[in-house]
Amino acid sequence: MAPIGKKRPLPSKNATTKARKRQKLAGGDADYRSTPQTSAPATNGSKVRLDDLKWNEVALPDRLDDYEGFFGLEEIDDVEVVRSATDGRVSFKTAERSTAKPTKKRKVSEGQHKDSDAQEPQPATDTPSDGEEWEGFGSDDQDQAQQPNVPVKAAPARADKKQKKKKEYKKDAERANGTSEPRDGDSNPFAGLGDEVQEDDVDTSAWESLGLSQTTLSSLSKLKFSRPTPIQSAAIPEILDGHDVIGKASTGSGKTLAFGIPILEHYLGSNPDRRKASRVSEDIHQPQALILSPTRELAHQITAHLTALCSQGSFDGPSIATVTGGLSIQKQQRLLSKADIIIGTPGRLWEVISQGQGLLKRLQKIKFLVVDEADRLLSEGHFKEVEEILNVLDKDDEDVENEDVDSSAEQQKRQTLVFSATFHKGLQQKLAAKGKFGGELMDKKESMEYLLKKLRFREEKPKFIDVNPVEQMAEGLKEGLVECSGTEKDLYLYALLTYHPNTRTLVFTNSISAVRRLMPFLQNLSLPALALHSQMPQKARLRSVEQFTARPGSILVATDVAARGLDIPGVQLVIHYHLPRAADMYVHRSGRTARAENSGSSILICAPEEVAGVRRLVAKVHARRGGSDSKYFIRSLDIDRRIVSKLKPRATLAKKIADTENAKKQKKSEDNWMREAAEDLGVDYDSEEFEGDAPGRRGRGAGRRKAEREAGAMSKGEVQAMKAELRSLLAQRVNAGVSPRYLTSGAVDVDALLRGERNGEFLGEVGGLGLEDGPGKA
Ligand SMILES: Nc1ncnc2c1ncn2[C@@H]1O[C@H](COP(=O)(O)OP(=O)(O)OP(=O)(O)O)[C@@H](O)[C@H]1O
């Protein structure tokens, strides 16, 4: 039998019904009435009052919503439920000796609370008639009650442990909030000095000058964030003072909490009784903040960061709705109806707003509008949707359906927070002009100035905070480039990955087709590669990020959809397989490593003809930091070509297998498409006739087509033979020819490499990148 469960008491709805029940009970036929009503220990097998049983709160995963109404569910061990044969009423017998203890809450079984759940706490010493309205299970509860004498299953020990831990958290937070009962010795002003800091907590005195609440400090302490980052120190007080803020700080420097903490503070301030607020209200919420993100993954990540911050304390945190494409719109709409904070990508957000359902009106009353990765959101690509969202946020009264909002007054209240690690030149200049945008700019619809104007800062001069005007790359980042011919990029990628076994690596390409091509290539070489690009189904995208986060040595091959904002701990290496198209993108891609004061490496793979351009691009990024006279020169990594040549046969074979399989897949889907088209037209389709080298069909791409055809024409047996050959190559040791260090199974034999010898010999001279210290140390 399942443990008996009951819900956290809800407020009484009907006092009259309650009184009626009492009367009925006074008539005296409920079994509990025969239970001795004392706090003395119940003896083995004795009947006990429901309230006197040892209820344990069921541990549920930490989350912010109410877990489908199951928060407060309690269960109990070692109790027998006995149903009377005469009147069907049930009573409870403790299977073992237990001490009845008074409880503060009413103990109500699910489905039974409608009248009784608002009763005042009843001590165990109450007389039977005092406030007892438990009537036993009614006939609706046949499943549970029809089986007398079935022992209740023991609650898992893990739940007890978690429960204990939760209580500790709660106590800490209550102390932090000043809401707990005074502890022994609290009357002594020095009593706290001797207290040991909880194992889970860190000293947060460095945050104190920012004027945060004890609740937030307690959460930060539990997150082990002992001090604010520079952008947090600079931005939080300004935001708390009600200013619009434009914040610029390098990648991985904590910008999310720079706006997240003030939003939490606002939430705490406007909901002094958080428990009540979230329990009682079934009403549609008024969201307080709207956070715009350029990518779905970043939106989910911001949600995760804010959830982590809000789930540390004892308060009921804000309800957060993440509104991104690719996931159920209905579910998101449901979440939106009770959201305090909305985080979304412009496309889906616009779709939801356009469907009506009152979201628009509520969005017009938000207190914070956050534009994260602003230079991306305010540039082409997202321009249209952001513009539309900003338009409706500030729509004039007469334009809004059923509008009853004084929009200009509401706009005055909204704070606008704009954050990014990079601002393109135009945007930065405009932002530096601090909100002074002329009316004539309204004509230039496609201009950034127009959008900035649309942001409608509440102040003429938003606070512009640039914490790293001379340093936009993360401090712990090492940069280098590897030069190779254009046709050898795959081989050099393999060489770099081979040199960094068990290293969480992000490989950036400029196209989805490159991701699709590289995936089977790397997987054939037994490398743990995962894909991420915008044409993958959203669930697969999130799964890739999840697996990449969970598996320390994995490799994520991605387009620039992963370049911005993604905060995956322990990314040690970023490889630019294709060169970034712009300097800003180089900053963001490279910023996926060396985050939050960690170190990491960023390596560009370039063809000889690309080197000059790359040097210029990287110098441009660094020029901003060093002034005009200190030109940054990115180093070439001198890879040991002997090792690379030893890797070549396996790379070539892996590529051939991947190409063959791709070509076969492609041919199949093309064949299907052509056949269907032919059927529609009512003509015969002969693939060979169609593919023949008809005169005049030669030209651009003919060579590639021929190679694809050949690859696609390979028999299954031939592919199997290639796979067997690759397997045997991967199993062989690759002798460097200079010392006994070997590469096996697509990964470096780390033990051999680390046996007192410098790994630098593999890559040649790689000083400056830290690679000579061995894999994972970069
Ligand atoms: N005060 C702090 N102390 C220690 N770690 C922190 C602090 N604030 C944030 N972090 C952590 O630093 C990491 C990077 O933060 P975040 O993702 O906000 O960076 P970002 O500046 O937004 O980067 P990007 O520009 O790439 O989006 C996160 O893992 C976050 O949990």
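Just follow the structure's listing: the first ligand is 1, and inside any ligand the first atom is 1.
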Pairs under 3.5 angstrom, nitrogen or oxygen on both sides, ligand 1 versus protein: list them out, please.
{"unit_1": "ligand 1", "atom_1": "1 (N)", "unit_2": "Arg227", "atom_2": "O", "d": "2.9"}
{"unit_1": "ligand 1", "atom_1": "1 (N)", "unit_2": "Gln232", "atom_2": "OE1", "d": "3.0"}
{"unit_1": "ligand 1", "atom_1": "8 (N)", "unit_2": "Gln232", "atom_2": "NE2", "d": "2.8"}
{"unit_1": "ligand 1", "atom_1": "17 (O)", "unit_2": "Arg595", "atom_2": "NH2", "d": "2.9"}
{"unit_1": "ligand 1", "atom_1": "18 (O)", "unit_2": "Lys255", "atom_2": "N", "d": "3.4"}
{"unit_1": "ligand 1", "atom_1": "18 (O)", "unit_2": "Thr256", "atom_2": "N", "d": "3.0"}
{"unit_1": "ligand 1", "atom_1": "18 (O)", "unit_2": "Thr256", "atom_2": "OG1", "d": "2.7"}
{"unit_1": "ligand 1", "atom_1": "19 (O)", "unit_2": "Gly254", "atom_2": "N", "d": "3.3"}
{"unit_1": "ligand 1", "atom_1": "19 (O)", "unit_2": "Arg595", "atom_2": "NH2", "d": "3.2"}
{"unit_1": "ligand 1", "atom_1": "21 (O)", "unit_2": "Ser253", "atom_2": "N", "d": "3.0"}
{"unit_1": "ligand 1", "atom_1": "21 (O)", "unit_2": "Gly254", "atom_2": "N", "d": "3.2"}
{"unit_1": "ligand 1", "atom_1": "21 (O)", "unit_2": "Lys255", "atom_2": "N", "d": "3.1"}
{"unit_1": "ligand 1", "atom_1": "21 (O)", "unit_2": "Lys255", "atom_2": "NZ", "d": "2.8"}
{"unit_1": "ligand 1", "atom_1": "23 (O)", "unit_2": "Gly252", "atom_2": "N", "d": "2.8"}
{"unit_1": "ligand 1", "atom_1": "23 (O)", "unit_2": "Arg595", "atom_2": "NH2", "d": "3.0"}
{"unit_1": "ligand 1", "atom_1": "25 (O)", "unit_2": "Lys255", "atom_2": "NZ", "d": "2.7"}
{"unit_1": "ligand 1", "atom_1": "26 (O)", "unit_2": "Arg592", "atom_2": "NH1", "d": "3.0"}
{"unit_1": "ligand 1", "atom_1": "26 (O)", "unit_2": "Arg592", "atom_2": "NH2", "d": "2.8"}
{"unit_1": "ligand 1", "atom_1": "26 (O)", "unit_2": "Arg595", "atom_2": "NH1", "d": "2.7"}
{"unit_1": "ligand 1", "atom_1": "26 (O)", "unit_2": "Arg595", "atom_2": "NH2", "d": "3.4"}
{"unit_1": "ligand 1", "atom_1": "27 (O)", "unit_2": "Glu373", "atom_2": "OE2", "d": "3.1"}
{"unit_1": "ligand 1", "atom_1": "29 (O)", "unit_2": "Asp567", "atom_2": "OD1", "d": "3.4"}
{"unit_1": "ligand 1", "atom_1": "29 (O)", "unit_2": "Asp567", "atom_2": "OD2", "d": "2.5"}

Please name the pair of heavy atoms, one in Thr593 and one in Ser599, separated by the smallest distance, quoted to 0.1 Å. OG1-O, 4.0 Å
Test side-chain contact (heavy atoms from CB on, under 4.5 Å), reference Lys248, set Ile231, Val418, Asp466, Thr422, output is Asp466
Hey, could you give me each pair passing side-chain hydrogen bond (donor to acceptor under 3.5 Å, both in side chains) that has a residue in residues 546-562? Not counting sequence neighbours. Asp560-Arg589
Option from Glu297, His300, Arg296 for which side-chain hydrogen bond (donor to acceptor under 3.5 Å, both in side chains) with Thr324 holds: His300
Could you label the plane-to-plane angle of the Phe419 and Phe259 rings as parallel, tilted or perpendicular, counting under 30° as parallel and over 60° as perpendicular? tilted
Kindly indicate whether the side chain of Ile291, heavy atoms from C-beta on, has any atom under 4.5 Å from the side chain of Leu306. yes
